[in-house]
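One structure is given here, and the rest of the page talks about it.
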Amino acid sequence: MIRKLVIFGVGLIGGSLALALRQANACQTIVGCSRNAEHLQKAVDLGVIDSFSLDPAEAVRDADMVLLAVPMGAMRHLLQQIKPVLPADAILTDAGSTKGSIVAEVAQVFGADFSRFVPGHPIAGREKSGVEAAIPDLYVNRRVILTPQAHTDADAIAKVEAMWRVTGALLEQMPVELHDQVLAATSHLPHVLAFSLVDTLLNMPQREDILRYAAGGFRDFTRIASSDPVMWRDICLTNKAAILAVIAAFQQNLGEFAELIDAQDGEALHNRMEKAKYARDNYVAQFEKQEK
Ligand SMILES: NC(=O)C1=CN([C@@H]2O[C@H](COP(=O)(O)OP(=O)(O)OC[C@H]3O[C@@H](n4cnc5c(N)ncnc54)[C@H](O)[C@@H]3O)[C@@H](O)[C@H]2O)C=CC1
Ligand SMILES: O=C(O)C(=O)Cc1ccc(O)cc1
């Protein structure tokens, strides 16, 4: 049982965790903290948090668990505000989409041997943001990856794992670098591509006709281009090397598709598409098995 959980950034991710914990009675008090009193009051009205404070020092007093669920670019400033007031026995964790930058920022602000920080990332979400989008079952059967370091306190890891387990999530651990490479490929690249595709079409002279006659495939492919631009800007900026590496691989592959089309090489095109379809069908079948 968590005594007092403080959530910095009560949006989709922080709000959904709060709802799941409240539903399971796994937390005595949940306090929200950010800069926007209106959003926080809404979170209270929706029954997501018990109370809120705009003052980080007041919020974290007596806390035993503190979760950072703000855009990646806002993490450092928050860490600096929390540092002087975090109770010595409290656990600090986060839900950010990239792990290398927050791990480096915690080391800079709290010291390289700070053992009470457990980096985390729920691989669950949607293109909608804000507390209104929060739902209690967002994490059911979804992976939560923790990327602890050698010096991370085992007891702190166990408590963060227990917190996420209450939500129905499946816990895994992974090295920071591997996390950022894997997520660059499976999550960050697709989002960049969706934003880039819509941006490309917007710059075409026939854009109105293009959008008017777009079919379901366009809608499926670009759903994630409706995601929050602040969040995705920050993910791109904080996972630069890994994202650039997968963009380069993708550019190479797209160039090969262009060459095959130019050369009218139907057989090679078909082979590549068949291989990709097989892999994608298998992925979806696995995913659907997990859902059951
Ligand atoms: N949306 C998604 O599908 C997923 C997001 N994440 C990560 O979780 C974190 C939160 O994302 P969401 O909940 O989707 O965002 P959100 O926009 O729904 O919520 C973010 C919250 O942070 C607050 N906030 C923004 N800037 C702030 C600042 N400078 N200081 C204090 N509070 C601030 C906002 O008021 C809002 O309550 C991000 O780091 C994101 O990368 C992780 C997994 C999935
Ligand atoms: O909207 C979707 O399908 C997503 O892919 C959500 C998502 C966004 C960011 C993450 O770090 C993890 C999951």
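Indexing begins at 1, ligand by ligand and atom by atom, following the structure's order.
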Ligand 1 contact on A124 by region, counting heavy-atom pairs under 4.0 Å: backbone
Audit row: M72, I102, side chain to side chain contact (heavy atoms under 4.5 Å, CB included) steps and yes/no: CA-CA 8 Å; M72 296 310 305; I102 180 84; 4.1 Å; yes
Any protein heavy atom nearer than 4.0 Å to atom 34 (C) of ligand 1: no
Exam field: side chain D180 to backbone G100, donor-acceptor pair closer than 3.5 Å: yes
Whether K128 lies under 4.0 Å from ligand 1, heavy atom: no
Identity and distance of the protein heavy atom lying nearest atom 43 (C) of ligand 1: P122 O, 3.2 Å
Atom indices of ligand 1 within 4.0 angstrom of G96 heavy atoms, with elements: 39 (O)
Set of ring-ring contact (aromatic ring centres under 6.0 Å, His included) partners for Y139, sequence neighbours left out: W164
Option nearest atom 14 (O) of ligand 1 (shortest heavy-atom distance, choices L138, L12, I7, I102): L12
Nearest-0.5 Å distance that lies between atom CD1 in I13 and atom CD1 in I7: 11.0 Å
Check: V70 N/O within less than 3.5 Å of ligand 1 N/O: yes
Nearest non-hydrogen protein atom, atom 12 (P) of ligand 1: I13 CG1, 3.9 Å
Donor-acceptor contact present, side-chain R3 to main-chain D62, <3.5 Å: yes
Closest protein heavy atom (residue, atom, distance) for atom 40 (C) of ligand 1: S97 OG, 3.6 Å
N/O donor-acceptor pair under 3.5 Å between K4 side chain and A59 backbone: yes
Side-chain (R272) to main-chain (L260) donor-acceptor, under 3.5 angstrom: no
Winner among M72, H39, R35, E132 once heavy atoms are compared against atom 30 (N) of ligand 1: R35
Donor-acceptor contact present, side-chain H151 to main-chain F114, <3.5 Å: yes
Nearest-neighbour protein heavy atom for atom 8 (O) of ligand 1, which is reported as residue plus atom name and distance: A95 O, 3.5 Å
Where ligand 1 meets H121 - atom numbers and elements under 4.0 angstrom, heavy-atom basis: 42 (C), 43 (C)
Non-hydrogen atom of V10 closer than 4.0 Å to ligand 1: yes
Side-chain (R207) to main-chain (M204) donor-acceptor, under 3.5 angstrom: yes
Which residue and heavy atom of the protein sit nearest atom 10 (C) of ligand 1, plus the separation: A69 O, 3.2 Å
Heteroatom proximity flag, R126 to ligand 1, N/O under 3.5 Å: yes
Identity and separation of the nearest protein heavy atom to atom 2 (C) of ligand 1: M231 CE, 3.6 Å
Any G32 heavy atom less than 4.0 Å from ligand 1: no
Cationic N near anionic O, under 4.0 Å, D209 to R212: yes
Check: S16 side chain, I135 main-chain N or O, donor-acceptor pair, under 3.5 Å: yes
Region of N36 that comes within reach of ligand 1 [heavy atoms, distance under 4.0 Å]: neither
Check: Q286/N282 side-chain N/O donor and acceptor closer than 3.5 Å: no
N203 side chain vs D199 backbone, donor-acceptor pair below 3.5 Å: yes
Atom 17 (O) of ligand 1 - nearest protein heavy atom and its distance: S129 CB, 3.6 Å
CG on N36 to CG on L54, rounded to 0.5 Å: 8.5 Å
Donor-acceptor pair between Q252 and E256 side chains, under 3.5 angstrom: yes
Give every pair formed by an N or O atom of ligand 2 and a protein N or O atom closer than 3.5 Å, one pair per line with both atom names and the distance to 0.1 Å, or write none.
residue, atom, partner, partner atom, Å
ligand 2, 1 (O), R223, NH1, 3.2
ligand 2, 3 (O), R223, NH2, 2.6
ligand 2, 11 (O), S97, OG, 2.7
ligand 2, 11 (O), H121, NE2, 2.6

A74-ligand 1 polar pair, N/O distance under 3.5 Å: no
D228 N/O to ligand 1 N/O under 3.5 Å: no
Options A133, A43, G130, G9, ranked by nearest heavy atom to atom 21 (C) of ligand 1, top entry: G9
Lys/Arg-Asp/Glu bridge criterion (N-O < 4.0 Å) met for D153, R116: yes
Short side-chain to backbone donor-acceptor contact, D50 and I30, under 3.5 Å: yes
Nearest neighbour in protein (non-hydrogen) for atom 19 (O) of ligand 1: G11 CA, 3.3 Å
